[in-house]
*Asks:* 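Take this structure first; my questions come after.
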Amino acid sequence: MNLLKMNAKQWAYVGGVALLAGVWAAPSGVQTLPETANVPPKTEQQVTQAPVAVPESSRQAFQKHVVVSGDTLLGIAEHYGIDLETLMAANPGTNDLIHPGDQLVILPNKGVIYQVDTGDTLWDIAHTYGVQVETIKSANAKSSDNVAVGEKLFIPGARWARADTAVARASASRFIWPTRGEISSPFGWRWGRLHAGVDIANDIGTHVMAARAGRVIWAGWRGGYGYAVMIDHGGGYVSLYGHLDDYFVERGQYVRAGQRIASMGNTGNSTGPHLHFEVQKEGQPVDPMGLLP
């Protein structure tokens, strides 16, 4: 076909055919734009955020130290940048007689370990140790206020002395009865010597509770007392629970008033199932009846 002689209709026809065929004779060097991709807009569900990292200082970082020859508790504490009290609190029952091969728990910094008991709330624990709830949550990477019985929490900055001070602010009337039963022997002199407590008689296995909040300083066999528990309440007060059948606390553990610590028994120099309940003030025995409600 002679292109020079084509009329307007013929030109339109040729152009339409070319368009339908998708063929364009583009001038040399001119590039056609690619078809734009049909990308749907992002929806709310498609927008994701990067996970928020938990600060390293907020994670539990308990370590284990294996004792080697020449180690001392003070030296171990200084090596890890904590004080002796913190080291002892994290390892109940530990004394100066450590041996190669012993394993000690090392806390990330100064503070104490608390094991959650029945009825505990995070607020109660924080109040006891004089720290903020958020401080405990951060130190243990907790996202909620829920705690589970048996859970161990690191309480940063807490001191037994601080807890004792809080307890000491309470009046002596804050002592409660440690068990149920009949008074079988009062405080006072008998058989030529001082009976330094009161005996409360009941069946073997009867629950024995802490008469006041404090820290356990003895749990085990104690001569004529048989199995016994002793609790330091601060302010110079110490309570003793003797002739036990069994006990459920350990040295260094912090307990609250009314918490079950033992079962009544008949161990040691005992004339029958009962609890020997004794209270000392600055190392001297006092009549518990003057402190009980």
*Asks:* For side chain to side chain contact (heavy atoms under 4.5 Å, CB included), just list the numbers for Glu250 and Val216, CA-CA rounded to whole Å, side-chain angles, deciding distance to a tenth of an Å, and then say yes or no.
*Replies:* CA-CA 7 Å; Glu250 56 187 10; Val216 177; over 6 Å; no
*Asks:* Working to the nearest 0.5 angstrom, can you tell me the gap between Ile98 CD1 and Thr72 OG1?
*Replies:* 6.5 Å
*Asks:* What pair of heavy atoms forms the shortest contact from Leu122 to Val133, and how long is it?
*Replies:* CD2-CG1, 3.6 Å
*Asks:* So, the side chain of Asp71 versus the backbone of Val68: is there a donor-acceptor pair under 3.5 Å, distance only?
*Replies:* yes
*Asks:* Rounded at 0.5 Å granularity, tell me how far OH in Tyr247 sits from OG1 in Thr267.
*Replies:* 10.5 Å
*Asks:* Could you see if Met230 belongs to whatever hydrophobic cluster contains Phe175? Use Ile, Leu, Val, Met, Phe, Trp, Tyr and a side-chain cutoff under 4.5 Å.
*Replies:* no
*Asks:* State whether a side-chain donor-acceptor pair under 3.5 Å links Ser263 with His207.
*Replies:* no
*Asks:* Assigning hydrophobic clusters by single linkage (Ile, Leu, Val, Met, Phe, Trp, Tyr; side-chain heavy-atom cutoff under 4.5 Å), is Met209 placed with Phe248?
*Replies:* no
*Asks:* Any heavy-atom pair between the side chains of Leu292 and Ile176 that's under 4.5 Å?
*Replies:* no
*Asks:* For Pro156 and Val131, which heavy atoms make the closest approach, and how far apart are they?
*Replies:* O-CG1, 3.8 Å
*Asks:* Nearest 0.5 Å please: distance from the NE2 atom of His276 over to the CG atom of Asn269.
*Replies:* 11.5 Å
*Asks:* Nearest 0.5 angstrom please: Lys64 NZ to Ile106 CD1, how far?
*Replies:* 9.5 Å
*Asks:* Hey, are Glu282 and Gln280 close enough side-chain-wise for a donor-acceptor pair under 3.5 Å?
*Replies:* no
*Asks:* So if you build clusters from Ile, Leu, Val, Met, Phe, Trp, Tyr with side-chain heavy-atom gaps below 4.5 Å, do Val208 and Val249 land together?
*Replies:* yes
*Asks:* Check whether more than 12 heavy atoms from other residues, nucleotides or ligands sit under 6.0 Å from atom CD of Glu151, and answer yes or no.
*Replies:* yes
*Asks:* With a 4.5 Å limit on heavy-atom distance, are the side chains of Thr271 and Ser184 in contact?
*Replies:* no
*Asks:* For the residue pair Phe277 and Tyr241, does the interplanar ring angle fall in the parallel (under 30°), tilted (30 to 60°) or perpendicular (over 60°) class?
*Replies:* tilted
*Asks:* I need the minimum non-hydrogen distance between Thr206 and Asp203, along with the two atoms involved.
*Replies:* OG1-O, 2.7 Å
*Asks:* Report yes if some heavy atom in the side chain of Lys152 is under 4.5 Å from a heavy atom in the side chain of Tyr114; otherwise report no.
*Replies:* no
*Asks:* Say whether, by atom type as modelled, one donor and one acceptor occur between the side chain of His195 and the main chain of Gly188 under 3.5 angstrom.
*Replies:* no
*Asks:* Less than 4.5 Å apart, any side-chain heavy atom of Leu275 and any of Asn202?
*Replies:* no
*Asks:* Within the distance-only criterion (no hydrogens, no angle test), does the side chain of Asn140 pair as donor or acceptor with the backbone N or O of Lys142 below 3.5 angstrom?
*Replies:* no
*Asks:* Roughly how far, to the nearest 0.5 Å, is CD1 of Ile136 from CD1 of Ile155?
*Replies:* 4.0 Å
*Asks:* Return the orientation label for the Tyr227 and Trp221 ring planes: parallel under 30°, perpendicular over 60°, tilted otherwise.
*Replies:* perpendicular
*Asks:* Side-chain donor-acceptor pair under 3.5 Å between Gln63 and His65, yes or no?
*Replies:* no
*Asks:* Quick check: is Ile261 connected to Val279 through a chain of hydrophobic side chains (ILVMFWY, heavy atoms under 4.5 Å apart)?
*Replies:* yes
*Asks:* Under a 3.5 Å distance rule, please check whether Gln259 uses its side chain to pair with a backbone N or O of Arg256 as donor and acceptor.
*Replies:* yes
*Asks:* Does the Asp232 side chain pair with the main chain of Ile217, one donor and one acceptor, at a distance under 3.5 Å?
*Replies:* no
*Asks:* Would you check if Leu244 and Met264 make a side-chain contact, meaning some heavy-atom pair closer than 4.5 Å?
*Replies:* no
*Asks:* Checking Glu78 side chain against Gly75 main chain: does a donor-acceptor pair fall under 3.5 Å?
*Replies:* no
*Asks:* Tell me, do Leu104 and Ile76 make a side-chain contact under 4.5 Å, heavy atoms counted?
*Replies:* yes
*Asks:* Relative to the ring of His274, is the ring of His243 parallel (under 30°), tilted (30 to 60°) or perpendicular (over 60°)?
*Replies:* tilted
*Asks:* For Ser138 and Thr135, indicate whether the former's side chain and the latter's backbone hold a donor-acceptor pair under 3.5 Å.
*Replies:* no
*Asks:* Grouping I, L, V, M, F, W and Y whenever their side-chain heavy atoms are under 4.5 Å apart, do Ile204 and Tyr225 come out in a common cluster?
*Replies:* no
*Asks:* Please step through side chain to side chain contact (heavy atoms under 4.5 Å, CB included) for the pair Leu87 and Tyr80, ending with a clear verdict.
*Replies:* CA-CA 10 Å; Leu87 180 61; Tyr80 289 98; over 6 Å; no
*Asks:* Given side chains that start at C-beta, do those of Leu240 and Arg222 come closer than 4.5 Å, heavy atoms only?
*Replies:* yes
*Asks:* Can you confirm whether His233 sits close enough to Ser239 that some side-chain heavy atom of one is under 4.5 Å from a side-chain heavy atom of the other?
*Replies:* yes
